[in-house]
Amino acid sequence: MLDSKLRFFLQKCLVLEQAKQVHAQLVVNRHNHLESILIHQTLHFTKDFSRNVFNYAKRILQGLQISTRKDSSFSWGCLVRFLSQHRKFKETVSLYMEMHSSGISPSSHAITSVLRACGKTENMIDGNSIHAQALKTGLCGCVYVQTGLVGLYSRLGYIDMAKKAFDDISEKNTVSWNSLLHGYLESGDFDEARRVFDEIPEKDVVSWNLIISSYAKKGDMSNACSLFQAMPLKSSASWNILIGGYVNCREMKLARTYFDAMPQKNSVSWITMVSGYTKSGEVESAEELFRQMFKRDKLVYDAMIACYAQNGKPKDALKLFSQMLESSSDIQPDEITLSSVVSAYSQLGDTSFGSWVESYVTEHGIKFDDLLVTSLIDLYMKGGDFDKAFKLFSKLHKKDTVSYSAMIMGCGINGKAMEANTLFKEMVEKKILPNLVTFTGLLSAYSHSGLVQEGYKCFNSMKDYNLEPSADHYGIMVDMLGRAGRLEEAYELIKSMPMQANAGVWGTLLLASGLHNNVEFGEIACRHCVELETDPSGYLSRLANIYTSVGRWDDARKVREAMEEKKLRKTLGCSWV
DNA sequence: ATTGTTGTCG
């Protein structure tokens, strides 16, 4: 009688404080066996992750004395599942291991949760041993556990093992089928995936979403779209997948069409659109959407801050960041937010923010991951704080193309050719492939140090890495040759460019011509600049200076007059070439 | 309970 009353009361138990009161009652009345249910209820009704609730539940669990093996297995399972549901995957695995070493046999809840966690963290080693434990404890007859195994092997790319686990399931449900489908898609076996999809007896919305998502990822939007139209019931995720597909193809107009047509937009829809506008550089459109958003979560802020940071608007990024800090207390920046913010500060050349981030991270228990460290390396290198940058660089768990490029780029800006060269050699030895940014850094390092021969060698070696020099790379070469006084050579290099030379490249030649008082190339360069830019006054005054420096006062005066009269560009262009 | 969609560094 009392049991059922308490049970009923426990179901109403939503908040930690209430749970504590009930717990006290249970202890007084020695209802130890109900404490497991209390743990379950408390965790079950905690929608957002709360460290307090978790610690509380764990404390009760450790204090359980007269509980049966079955009770504690159940409670541990609830706790493990709680962590997994709130995406604390590393902790999920360690809690499971703690349970295992306490001699508690796992429940099916615990096994499925920990399998999921292993899948998400790509932890095959623990995944395998958990598989073995499931076999030993006889839980491999449970569909959920078996499906969990299919999911684990699918996610980690062991499609043969996934298939084997799938075949072992006697009563396959749709989730089992979907997990297998996911496996074939993940392993890139698209034909088999399509066969599995067609074979699924009762396709649900996830089955459709999986196959549509794979078409969208391949960029095959016509198939993605026709399947989308064919599916009987669409979820928000279905729409988001389609929108995401168009975003990946830079088809922002179409993405917007579906976004506008979508009946129930969720946060993912908005973020997908904002990040799409970010990649295509349409900052105003992103802003427009951001303004329209009624409820902004952390990820939306992250997306918008990244939008500003990636599109050369660091001040706007910082403004939004401080707005985010002020807006509400439950939105807390994490390592992802901070890496965009650091990138903004880096563009402003403000190194002082680095120490703020470093203390903020330790104070708030934010993960200091390689991505955030890389953005700090960039900040310190650009600001000339090489000691800090090198220290962080050595602390990276895994050095990759981006972190090496950040280092080399910093060397380039600061004219450290030796260091850049050493870093480059190091990365080649480690088989880390350089990319266009790496070479931008290297070339500018050589250019700043006047190492023309090295620069040429480097420029020519780009094709060995299947890299096509961009206009910027040509620009650096022109700068290097120009500074060395090899203007003719620089001009020839520009003429050999496979793409149209931009105003930046010609402007570099103009600058170099001024450095060496060379009228011939100064005129050529200036003519091109005037053609390419709307406001030519800067270029014209440079040319005028060149005329002055060689004593051609008349020409200098003509150019200056023309500038003031604001004559049409065309007229100007013809008058002195 | 197990599956699908979103944000970060050069």
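Bear in mind that the values here come from a model prediction, so they are computed numbers and not experimental data. Hydrogens, waters and symmetry mates are skipped; everything else that's a heavy atom, side chains included, is used. Labels below follow one simple rule: chain letters A, B, ... track the order of the sequence lines, proteins then strands, and each chain is numbered from 1.
The residue His182(A) sits close only to the backbone: its heavy atoms come under 4.0 Å of sugar-phosphate atoms, none of a base. Nucleic acid contact class of Asp334(A) (heavy atoms, under 4.0 Å, all strands): base. No engagement by Glu186(A) is indicated, since no non-hydrogen atom pair under 4.0 Å with the nucleic acid exists. Residue Ser108(A) is in base contact, counting any heavy-atom pair closer than 4.0 Å across all strands shown. If you check every strand for non-hydrogen atoms under 4.0 Å, Ser235(A) touches a base.
Within residues 422-436 of chain A, the residues having any heavy atom under 4.0 Å from DNA chain B are, by residue number, Asn435(A). Of the residues in residues 373-386 of chain A, those placing a heavy atom less than 4.0 Å from an atom of DNA chain B are Thr374(A), Ser375(A), Asp378(A), Lys382(A), in numerical order.
Residues that satisfy the salt bridge (Lys or Arg N to Asp or Glu O under 4.0 Å) test with Lys163(A), not counting sequence neighbours, are Asp167(A). For the side chain to side chain contact (heavy atoms under 4.5 Å, CB included) test, residues two or more places apart in sequence or in another chain that qualify with Cys78(A) are His40(A), Leu43(A), Phe74(A). In this structure, Asp387(A) has no salt bridge (Lys or Arg N to Asp or Glu O under 4.0 Å) partners at least two apart in sequence or on a different chain. Residues that satisfy the salt bridge (Lys or Arg N to Asp or Glu O under 4.0 Å) test with Arg87(A), not counting sequence neighbours, are absent from this structure.
Checked against the 6.0 Å centroid criterion, the rings of Phe439(A) and Phe424(A) qualify as a close aromatic pair.
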What side-chain donor-acceptor pairs closer than 3.5 Å can you find for residues 239-251 of chain A, not counting sequence neighbours?
from, atom 1, to, atom 2, distance (Å)
Asn240(A), OD1, Ser269(A), OG, 2.8
Asn240(A), ND2, Ser236(A), O, 3.3
Asn240(A), ND2, Asn266(A), OD1, 3.1

Pair up each side-chain donor or acceptor in residues 286-293 of chain A with any protein partner under 3.5 Å, not counting sequence neighbours, and list the distances.
from, atom 1, to, atom 2, distance (Å)
Glu287(A), OE2, Tyr308(A), OH, 2.5
Glu288(A), OE2, Arg256(A), NH2, 3.2
Glu288(A), OE2, Gln292(A), NE2, 2.9

Pairs of donor and acceptor atoms involving the side chains of residues 223-232 of chain A, under 3.5 Å and at least two apart or interchain, shall be tabulated with distances.
from, atom 1, to, atom 2, distance (Å)
Asn223(A), ND2, Asp220(A), OD2, 2.8
Ser226(A), OG, Ser222(A), O, 3.1
Ser226(A), OG, Asn223(A), O, 3.2

Can you give each donor-acceptor pair under 3.5 Å made by side-chain atoms of residues 309-320 of chain A, sequence neighbours left out, with the distance rounded to 0.1 Å?
from, atom 1, to, atom 2, distance (Å)
Asn311(A), ND2, Thr278(A), O, 3.2
Asn311(A), ND2, Cys307(A), O, 2.9

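Taking 4.0 Å as the cutoff to heavy atoms of chain A, we find the contact window on DNA chain B bounded by dA1(B) to dG10(B).
For the pair Lys218(A) and Phe190(A), the cation-pi criterion (under 6.0 Å, within 45° of the ring axis) is fulfilled.
Each salt bridge (Lys or Arg N to Asp or Glu O under 4.0 Å) pair with one or both residues in residues 369-379 of chain A, not counting sequence neighbours, appears once here: Asp378(A)-Lys382(A).
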